Protein chains: 2
Amino acid sequence: MIDTKNTSRSRGRPRRFDADEGVATAQQLFHARGYDAVSVADMTEALGINPPSFYAAFGSKAGLYARVLDRYAATGAVPLADLLRPDRPVAECLAAVLEAAARQYVADPVATGCLVVEGTRCDDPGARNAACAAQAHAEAVIRAFIAARHPEAADRMTDFVSSTMSGLSAKARNGLDADRLLAIARMAGRAVAQELSGKAG
Amino acid sequence: MIDTKNTSRSRGRPRRFDADEGVATAQQLFHARGYDAVSVADMTEALGINPPSFYAAFGSKAGLYARVLDRYAATGAVPLADLLRPDRPVAECLAAVLEAAARQYVADPVATGCLVVEGTRCDDPGARNAACAAQAHAEAVIRAFIAARHPEAADRMTDFVSSTMSGLSAKARNGLDADRLLAIARMAGRAVAQELSGKAG
DNA sequence: TATTTTTTGTATCAATCACTACATAAACCT
DNA sequence: AGGTTTATGTAGTGATTGATACAAAAAATA
């Protein structure tokens with residue numbers, strides 16, 4: 001049990017807002033519009049607070065983004081830990097990841113694409129590095145999963161899966177619907193299965 | 001013969017700079033940093049002119065970007081017209097497009113990815129719409145090429161190819177080298193061939 | 001030479017950017 | 001109650017954004 005509500009109240013004037021709720025609101029906003037397009041003024045208005053409260057709670061815009069990335073990994077991202085199952089064929093799991101990505105990237109019509117993938121190309125160095133680190137971590141998880149049974153194919157298969165996810169995110173942002181995204185994901189999934197099976201065309 | 005140099009000089013004080021050279025310089029800058037990250041001040045400094053000359057010649061930042069997109073289609077983009085050959089198998093041509101994209105997206109190490117693909121996600125509505133229109137045009141060319149011999153597969157195959165190119169552009173921007181990009185492109189090319197051949201896995 | 005036309009350089013414009021100084025308010029501790 | 005601590009609201013900071021007003025300069029035309 002984590003003491004989220006901070007029952008043993010600390011000293012000083014209490015916060016008028018909930019910081020964790022603020023991170024959730026910020027996640028929606030950053031995901032919907034992208035890091036660069038959300039100004040601190042936009043954010044403080046959405047949170048119903050003034051700039052000093054914002055900076056006291058989150059340090060900076062990039063600092064808030066870092067917290068949003070953590071929350072996204074836990075709540076909004078493709079659940080790699082659930083989908084990459086050691087008891088199922090590697091290709092089947094990777095196909096499941098791609099299909100899950102296709103679905104998630106348009107699950108919220110106002111927050112399409114992948115928050116992390118899109119964040120890796122924003123113009124703020126701090127936020128971009130944080131997003132790149134998150135992406136690198138996800139790729140490492142995928143690579144390790146593949147390498148356990150297909151060590152020689154892990155690198156190139158990870159590149160293909162990651163590139164496909166980036167493409168799906170871009171296309172989701174470009175307005176493609178779930179059906180078209182799923183068709184792309186399934187075709188990529190078949191390609192992965194084909195390559196891992198070692199069969200020629 | 002087009003009178004580029006405008007030999008029959010028009011009235012008024014002559015330009016101190018060449019507008020077409022300016023578009024070329026702008027293309028490099030927009031491609032290297034992205035539309036949003038290049039300020040008008042950056043651009044006028046690179047062009048060696050002052051803001052009034054900039055606006056007199058190009059109208060606006062987005063107006064210059066539109067001219068850059070036209071120039072890119074002619075000089076920097078994947079040459080679809082050359083690669084999509086009616087006398088070659090469709091799958092072979094699409095694979096050639098993907099490989100050409102992989103090569104081009106890292107050909108200039110300081111201007112990676114596809115200018116058009118990256119431009120479709122910038123924060124300026126005018127520039128974004130122009131880039132989306134350019135992308136839609138390229139997709140229409142690809143779709144028509146496929147439809148001539150595989151009408152039932154044209155839509156989904158175009159989605160896959162376009163998504164793969166978006167993924168390649170994203171990964172090029174993320175720092176992948178030509179070899180890894182090419183491996184992704186070739187795997188996607190094999191997937192296209194596999195699907196168009198109608199063979200099961 | 002005088003007029004017209006267009007571009008040029010200087011010096012801005014208002015708006016927005018991320019961020020903060022400062023005094024007050026609201027809680028706990030002694 | 002008095003002192004300490006933290007968060008708050010007001011009102012800004014300097015820097016940068018895309019875009020201009022204005023007059024002088026440089027060309028063709030009359």
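Proteins get letters first, then strands, A, B, ... in listed order; numbering begins at 1 in each. Because only heavy atoms are used, hydrogens play no part in the values below, and waters and symmetry mates are left out as well, while side chains stay in. All values derive from a computational prediction rather than experimental measurement.
- Between S39(B) and dT17(D) there is a side-chain polar atom (N or O) within less than 4.0 angstrom of OP1 or OP2.
- In this structure, CZ of F54(A) is placed 8 Å from P of dC19(C), rounded to the nearest angstrom.
- The pair R180(A)-E139(B) does not meet the salt-bridge criterion, since no charged nitrogen lies less than 4.0 angstrom from a carboxylate oxygen.
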How would you summarise protein contacts on nucleotides 25-30 of chain C per nucleotide, using B for base, S for sugar-phosphate only and - for none, with heavy-atom distances below 4.0 Å?
BBBBS-
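- With hydrogens and angles ignored, the 3.5 Å screen pairs no side-chain donor or acceptor of N174(B) with any backbone N or O of K171(B).
- A side-chain donor-acceptor contact under 3.5 Å links D177(A) to the backbone of D179(A).
- Atom pair D124(B):CG and dG18(D):P shows a separation of 9 Å (rounding to whole Å applied).
- Distances shown here put a side-chain N or O of N50(A) below 4.0 Å from the OP1 or OP2 atom of dG9(D).
- Closest-nucleotide positions on DNA chain C for P52(A) and I49(B) were compared, and the one nearer the 5' end corresponds to I49(B).
- Following rounding to the nearest Å, R15(B) (CZ) and dA26(D) (C1') show an atom-to-atom distance of 14 Å.
- Partners of Y65(A) under the ring pair (Phe, Tyr, Trp, His ring centres under 6.0 Å) rule, at least two apart in sequence or in another chain, are F30(A), Y35(A).
- Nearest-nucleotide positions on DNA chain D place P51(A) closer to the 5' end than the other of D42(B) and P51(A).
- Within the 4.0 angstrom heavy-atom criterion, no nucleotide atom of any strand lies near F58(A).
- Under 4.0 angstrom from either OP1 or OP2 of dT8(D) there lies at least one side-chain N or O belonging to S53(A).
- We find that CD of E45(A) is positioned 14 Å from C1' of dT16(C), with the value rounded to whole Å.
- Put simply, CE on M43(A) is 12 Å from P on dC17(C), counting in whole angstrom units.
- Side-chain N/O atoms of Y55(A) include one lying less than 4.0 angstrom from OP1 or OP2 on dC19(C).
- Between K61(A) and D124(A), no side-chain nitrogen of the basic residue sits less than 4.0 Å from a carboxylate oxygen of the acidic one, so the salt-bridge criterion is not met.
- The pair R67(B)-D20(B) meets the salt-bridge criterion, with a side-chain N (NZ, NE, NH1 or NH2) lying under 4.0 Å from an Asp/Glu carboxylate O.
- Note: CZ (F17(A)) to P (dT6(D)) measures 16 Å, nearest angstrom.
- Applying the side chain to side chain contact (heavy atoms under 4.5 Å, CB included) rule to D155(B) yields the partners R143(B); only residues at least two apart in sequence or on another chain are considered.
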